[in-house]
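Structure, as structure tokens:
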Amino acid sequence: MDEQALLGLNPNADADFRQRALAYFEQLKISQDAWQVCAEALAQSIYSDDHIKFFCFQVLEHQIKFKYSELTEVQQQLIRETLITWLQAQMLNPQPEKTFIRNKAAQVFALLFVTEYLTKWPKFFFDILSVVDLNPRGVDMYLRILMAVDAELVDRDVVHTSEASCYYEARRNTLLKDTMREQCIPSLVESWYQILQNYQYNNSELTCQCLEVVGAYVSWIDLSLIANERFINMLLGHMSVEVLREEACDCLFEIVNKGMDPIDKTKLVESLCQVLQSAGLFSIDQEDDVDFLARFSKLVNGMGQALIASWTKLIKSGDMKSAQDTLQAIEAKVALMLQLLIHEDDDISSNIIGFCYDYLHILKQLSALSDQQKANVEAIMLAVMKKLTYDEEYNFENEGEDEAMFVEYRKQLKLLLDRLAQVSPELLLASVRRVFNTTLQNWQTTRFMEVEVAIRLLYMLAEALPVSHGAHFSGDVTKATALQDMMRTLVTSGVSAYQHTSVTLEFFETVVRYEKFFAVEPQHIPTVLMAFLDHRGLRHASPKVRSRTAYLFSRFVKSLNKQMNPFIEDVLNRIQDLLELSPPENGYQALLSSDDQLFIYETAGVLIVNSEYSAERKQVLMRNLLTPLMEKFKVLLEKLMMAQDEDRQMALADCLNHAVGFASRTSKAFSNKQTVKQCGCSEVYLDCLQTFLPALSCPLQKEVLRSGVRTFLHRMIICLEEEVLPFIPSASEHMLKDCEAKDLQEFIPLINQITAKFKTQVSPFLQQMFMPLLHAIFEVLLLPAEENDQSAALEKQMLRRSYFAFLQTVTGSGMSEVIANQGAENVERVLFTVIQGAVEYPDPIAQKTCFIILSKLVELWGGKDGPVGFADFVYKHIVPACFLAPLKQTFDLADAQTVLALSECAVTLKTIHLKRGPECIQYLQQEYLPSLQVAPEIIQEFCQALQQPDAKVFKNYLKVFFQRAKP
């Protein structure tokens with residue numbers, strides 16, 4: 001071996017050595033006999049360096065995995081012997097191998113097992129057992145090999161390369177397991193029993209390893225081999241040994257989890273429970289080892305769910321007597337389940353939630369609940385309420401992994417609460433009401449987590465007791481009254497002033513969730529508005545609270561709609577300072593981020609537009625809102641023009657962009673019922689347009705500025721309609737100057753929007769800017785790009801799609817004259833680009849668009865009175881395109897997008913036939929199809945299909961036609 005290259009295997013080696021080692025490994029993988037060198041090194045223990053040993057196993061692994069069939073019988077025998085020799089050496093070595101080497105060796109053994117067990121090495125396990133006997137190092141390797149074999153045969157996490165290999169592996173694995181069950185599993189089980197018996201008191205590591213093996217194999221071997229007196233008694237014995245009990249727990253869990261007859265399963269679980277209970281394991285409060293309790297909780301959960309599965313099967317089969325016995329067994333575990341559910345450690349509690357959820361599902365199905373069952377439901381409810389509570393350690397300002405886990409745990413508890421609501425909605429409502437009222441009466445002296453959870457429970461009721469369209473305060477009187485009382489208490493108790501972010505946020509979330517309460521009791525609106533607007537909400541010390549409140553405030557105002565009328569001007573005055581555009585000066589700390597300010601601007605817009613003021617008053621208010629933005633914009637744009645420093649330029653451009661974004665966001669308040677015109681606000685927005693458009697000619701930070709103004713234009717086309725048209729030509733002219741692929745790609749949708757909306761109104765403008773736009777597009781598309789520059793290739797592909805989408809919009813809006821009036825040479829150039837798009841580029845999305853354009857042009861120009869020369873173009877170029885595109889190797893008829901492109905190709909041919917009639921059939925029969933060497937009978941068949949009145953018949957035929965035509 002190349003000793004120099006091997007030095008690079010050491011993790012501390014420098015990069016060059018490591019690179020050389022990797023290259024050497026690749027070289028050995030390809031080499032014919034390198035594996036023999038590695039096999040010899042392992043068999044004779046030539047190297048002492050761990051990384052080299054690991055490397056040798058890797059080379060062997062590669063040989064077995066990918067090149068085993070190339071080896072001769074003798075060579076295959078050599079690999080078997082090498083591994084057995086290596087295994088024998090393990091028991092004699094003064095020091096055991098490192099764990100990572102033992103694991104890799106076990107993987108190599110398992111690979112060889114999978115390859116040879118059914119054919120050349122049926123005695124695989126017996127050979128290993130005869131070598132290792134009860135030697136502890138040998139047993140360690142034997143157990144690792146068993147786990148590696150299970151991983152190969154059963155593991156769902158193994159990544160398969162393809163569906164075919166997945167199917168082959170599944171069949172192979174089934175065959176291997178069947179053969180093992182017949183030939184060696186009983187002997188393996190016996191060996192496990194001997195190992196456990198031999199080492200349970202003097203080698204906890206091996207005992208735990210063996211328990212892990214039993215747990216892994218129990219899912220696919222005959223359960224009676226394990227679920228019998230001697231094994232179970234031994235496992236139950238391990239439950240009392242501190243170092244073994246976690247693994248014993250997992251092993252029992254796997255046994256309980258195994259599918260079996262429901263009556264037998266109930267008996268098994270019950271017998272386990274009796275022994276566990278008599279061993280004192282049900283006394284949770286006396287146990288302080290949380291790691292063990294988490295495993296024990298998982299075991300109890302498994303037992304509970306197993307009993308519930310048995311009950312369900314027995315009910316289905318009609319065996320009511322056994323079902324009743326099983327239900328009693330389930331009920332007997334509820335007290336233990338509750339102890340685990342209420343445990344202060346969330347992992348222990350989380351592990352039992354499945355059993356709890358399924359138990360409630362049973363109760364939901366029963367016609368009536370006993371007193372005990374009602375008491376159980378109440379106990380679960382109290383446990384959930386208690387466990388929803390934050391603990392002291394929760395870090396609200398800097399949430400990390402622990403906090404994320406608690407949030408997930410809370411979601412599980414919410415599911416339990418929803419299930420409780422299905423079992424007993426009255427009880428849930430009464431319990432929440434009791435907790436809520438008790439807590440809020442004394443909120444000033446109560447800890448934050450208890451106040452938060454009381455409000456949280458009210459919030460959660462909305463989903464636990466669902467109604468349509470949030471109508472919680474009508475319908476069922478008891479429920480409506482209870483919720484109304486709680487909401488009244490929430491908004492009048494003063495709890496919004498509680499000094500903890502979690503309580504504050506929960507208050508605002510709940511107020512917004514139950515916004516319909518304010519339709520019933522509107523007198524509370526001012527109180528809540530003040531909470532939103534002062535230090536409790538938008539001016540809170542915490543940025544997190546301010547940010548969330550900005551969003552919730554906009555929702556609150558929208559939902560109240562006309563009820564906001566008495567407060568509009570007061571609210572607008574109070575939010576004035578929050579609307580200020582944050583200057584890009586260093587060190588200035590605004591209360592709200594620009595994203596949060598978007599919500600405040602939208603809220604201001606909603607207040608003005610939805611008010612009952614006259615159009616004149618609305619215009620004044622809207623001008624007051626937008627004028628400061630316009631003035632600031634002009635000043636900042638001048639500053640940007642003069643700014644030298646790039647960071648300063650970027651900061652100014654961002655600020656300008658925010659100004660445009662805020663103005664844009666106010667326009668979201670308008671609707672079909674309340675248009676800009678009806679509100680008298682057109683003039684204000686036209687002023688904004690005039691203010692913002694000069695930014696398009698700014699040579700600095702073009703991308704940011706253009707993007708913002710473009711978005712504003714999109715909004716104004718919707719809001720101002722034709723009033724925006726005078727601004728479009730100059731805006732377009734600026735946006736087409738020095739633009740790149742991305743600019744054009746984003747500009748074209750704007751032109752498409754104008755074209756589709758205003759159609760012939762913008763025809764003169766389109767005719768004027770048609771060729772400048774096309775020149776800009778072609779210029780970018782013709783730019784040379786590096787061969788491997790994938791992002792440039794993708795940008796060009798997207799631009800090409802946008803270009804064709806533009807032509808589709810123009811032709812589809814009935815404005816083909818825009819193209820026709822560009823002069824013969826330009827028209828021809830455009831038409832050729834469409835033909836090229838349909839045939840040359842392997843992009844089915846663009847191809848589909850091109851065929852749509854072609855069929856539209858044929859429909860418009862393909863008749864007898866069409867433009868001079870177009871009929872020739874149809875026969876010389878469009879018809880061939882309909883055949884050349886689908887005949888390309890890249891035109892994949894198994895791809896859904898490509899099939900859509902073919903469908904449009906069929907429409908194009910149908911349209912040509914419709915416009916040109918028998919002449920088209922004659923051309924296909926006598927000239928074009930014979931030139932493609934199509935057989936006369938197929939030509940006949942094709943022309944008949946084309947003449948069918950039903951377009952679908954021809955579409956289906958065309959697919960078959962090209963499937964046959966392609967090699």
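The figures here come from the full heavy-atom set of this structure, side chains too, leaving out hydrogens, waters and symmetry mates. Numbers for residues simply follow the sequence, beginning at 1. As the structure is a computational prediction, the values presented were derived from the model and not from experiment.
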Please verify the inter-ring angle class for Tyr359 with Phe355; under 30° counts as parallel, over 60° as perpendicular, anything in between as tilted. perpendicular
Ring geometry between Tyr394 and Phe406 (parallel below 30°, tilted from 30 to 60°, perpendicular above 60°): perpendicular
Considering only heavy atoms from C-beta outward, does the side chain of [X] approach that of [Y] to under 4.5 Å?
X: Asp345; Y: Leu293; value: no
X: Lys104; Y: Phe55; value: no
X: Phe100; Y: Phe57; value: no

If only side-chain N and O atoms count, and only distance matters, is there a donor-acceptor pair under 3.5 Å linking Gln77 with Glu73? no
Does the side chain of Arg419 pick up a donor-acceptor pair with the side chain of His361 at under 3.5 Å? yes
Distance under 6.0 Å and angle within 45° of ring axis: Lys298 vs Phe253: yes
So is Arg80 actually on top of Phe124's ring, under 6.0 Å and inside 45° of the axis? no
What do you reckon, are the aromatic ring centroids of [X] and [Y] less than 6.0 Å apart?
X: Phe125; Y: Tyr142; result: no
X: Tyr68; Y: Trp35; result: no
X: Tyr217; Y: Trp192; result: yes

Heavy-atom count around Lys258 NZ within 6.0 Å, excluding the residue itself: above 12? yes
Mark yes when over 12 heavy atoms from residues, nucleotides or ligands other than Glu205 sit less than 6.0 Å from its CD; otherwise mark no. no
Ignoring hydrogens and geometry, is there a side-chain-to-backbone donor-acceptor pair from Gln90 to Trp86 under 3.5 Å? yes
Strictly distance-based, threshold 3.5 Å: is any side-chain N or O of Thr326 a donor or acceptor partner for the main-chain N or O of Trp311? no
Hey, which of Asp222, Leu225, Thr179 is the one that makes side-chain contact (heavy atoms from CB on, under 4.5 Å) with Ile185? Leu225
Over all heavy atoms of both residues, which pair between [X] and [Y] is shortest? Give the atoms and the distance, please.
X: Asp50; Y: Glu97; answer: OD1-OE1, 4.2 Å
X: Lys387; Y: Ile342; answer: CD-O, 3.9 Å
X: Ile263; Y: Asp261; answer: N-OD2, 3.1 Å
X: Leu420; Y: Met381; answer: CD1-CA, 3.8 Å
X: Leu363; Y: Leu369; answer: O-CD2, 3.7 Å

Ion pair check, [X] and [Y], cut-off under 4.0 Å:
X: Lys313; Y: Asp319; value: no
X: Arg102; Y: Asp140; value: yes
X: Glu408; Y: Lys411; value: yes

